[in-house]
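Computed from a prediction, not measured in an experiment: that's the story for all the values here.
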Amino acid sequence: MLVAAFALAACDPVFVFAGGELSGTERSLPADWGFTRDFHTIQLETRPSDPYSVNVWGVAVNRHFYVASDGGESRWARAIEAEPRVRLRIGDDIYRLAAKRAEDPRELEDVIDAYIEKYGGDRERSFVRDAWVYRLGSR
């Protein structure tokens with residue numbers, strides 16, 4: 001069983017094991033990310049030249065989609081800092097996107113609210129407060 005999990009991790013991320021290039025059907029950028037509230041975990045692929053993918057949480061705010069990392073401790077966030085092109089898989093659909101660090105305080109407050117609404121927790125202890133938050137948009 002464990003061997004099967006490692007074999008799968010070579011492509012798609014499995015639980016806490018990172019993966020490589022994501023599989024799925026590439027789609028055009030949606031006009032509205034509202035459908036994502038039905039997906040608790042999504043997959044994010046970084047490093048296009050040597051794909052590295054992980055399971056992450058993400059939220060829609062207005063017309064944008066956001067992911068948050070625990071800062072420089074995250075391998076995928078460091079990869080985005082070096083190369084902002086990413087691919088996002090939601091269900092079986094894949095979106096080619098560019099990640100841009102969100103730093104506007106009002107925007108970040110909205111992202112914190114969206115994370116709390118979707119995943120629970122409270123404002124003062126939200127991991128997003130100290131996270132590196134990325135707005136995903138068109139390339």
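Across Leu136 and Ala99, no two heavy atoms sit closer than the pair CD2-CB, 3.6 Å. The two atoms that bring Ala98 and Ser138 nearest to each other are CB-O, 3.8 Å, heavy atoms only. Minimum heavy-atom separation, Ile116 to Gly121: CG2-O, 3.5 Å. Here the closest heavy-atom approach between residue Ala114 and residue Val61 is recorded as CB-CG2, 3.6 Å. Across every non-hydrogen atom of Ala131 and Ala68, the tightest pair is CB-CB, 3.9 Å. The two residues Tyr115 and Gly58 have their closest heavy-atom pair at OH-CA, 3.7 Å.
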Full working for side-chain contact (heavy atoms from CB on, under 4.5 Å) between Leu29 and Leu97
CA-CA 8 Å; Leu29 190 67; Leu97 303 164; 3.1 Å; yes
Can you list the steps and then say if Glu83 with Ser49 is a side-chain contact (heavy atoms from CB on, under 4.5 Å)? CA-CA 10 Å; Glu83 166 57 72; Ser49 62; over 6 Å; no
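The CG atom of Asp93 lies 4.5 Å from the CZ atom of Arg27; values are rounded to the nearest 0.5 Å. Note: Glu45 CD to Glu21 CD = 5.5 Å, rounded to the nearest 0.5 Å. Taken to the nearest 0.5 Å, the OG1 atom of Thr36 stands 4.5 Å off from the NZ atom of Lys118. Separation of atoms CG (Leu22) and CG (Leu44) is listed at 8.0 Å; rounding is to 0.5 Å. How far CH2 of Trp33 is from CD1 of Ile90: 5.0 Å, rounded to the nearest 0.5 Å. Between the CD atom of Glu117 and the CD1 atom of Ile112 there is a distance of 14.0 Å, given to the nearest 0.5 Å.
For the pair Arg85 (side chain) and Pro48 (backbone), a donor-acceptor distance under 3.5 Å is absent. Using a distance-only test at 3.5 Å, with no hydrogens or angles considered, a donor-acceptor pair links the side chain of Asp32 to the main chain of Gly34.
Under the 30°/60° scheme for interplanar angles, the aromatic rings of His40 and Tyr119 are found to stand perpendicular.
Atom CZ of Arg63 sits in a sparse spot, with 12 or fewer heavy atoms from other residues, nucleotides or ligands closer than 6.0 Å. Counting non-hydrogen atoms of other residues, nucleotides and ligands closer than 6.0 Å to CG of Asp122 gives a total above 12. Remark: Arg125 CZ is loosely packed, at most 12 non-hydrogen atoms of other residues, nucleotides or ligands lying under 6.0 Å away.
The shortest distance between side-chain heavy atoms of Val56 and Thr41 does not fall below 4.5 Å. In this structure, Leu88 and Phe65 have side chains that are in contact, with non-hydrogen atoms separated by less than 4.5 Å. In this structure, the side chains of Val67 and Val86 stay at 4.5 Å or more apart for every pair of heavy atoms. Between Trp132 and Asp70, the closest side-chain pair of non-hydrogen atoms is not below 4.5 Å.
When the salt bridge (charged side-chain N to carboxylate O under 4.0 Å, His left out) test is applied to Glu107, the partners found at least two apart in sequence or on another chain are Arg135.
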Donor-acceptor pairs under 3.5 angstrom involving side-chain atoms of residues 75-82: please list them, not counting sequence neighbours.
{"residue": "Trp76", "atom": "NE1", "partner": "Ser74", "partner atom": "OG", "Å": "3.0"}
{"residue": "Arg78", "atom": "NH1", "partner": "Gly72", "partner atom": "O", "Å": "2.9"}
{"residue": "Glu81", "atom": "OE2", "partner": "Tyr134", "partner atom": "OH", "Å": "2.5"}

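Residue pairs meeting the side chain to side chain donor-acceptor pair (under 3.5 Å) criterion with at least one partner in residues 95-104, sequence neighbours excluded, are Glu26-Arg96.
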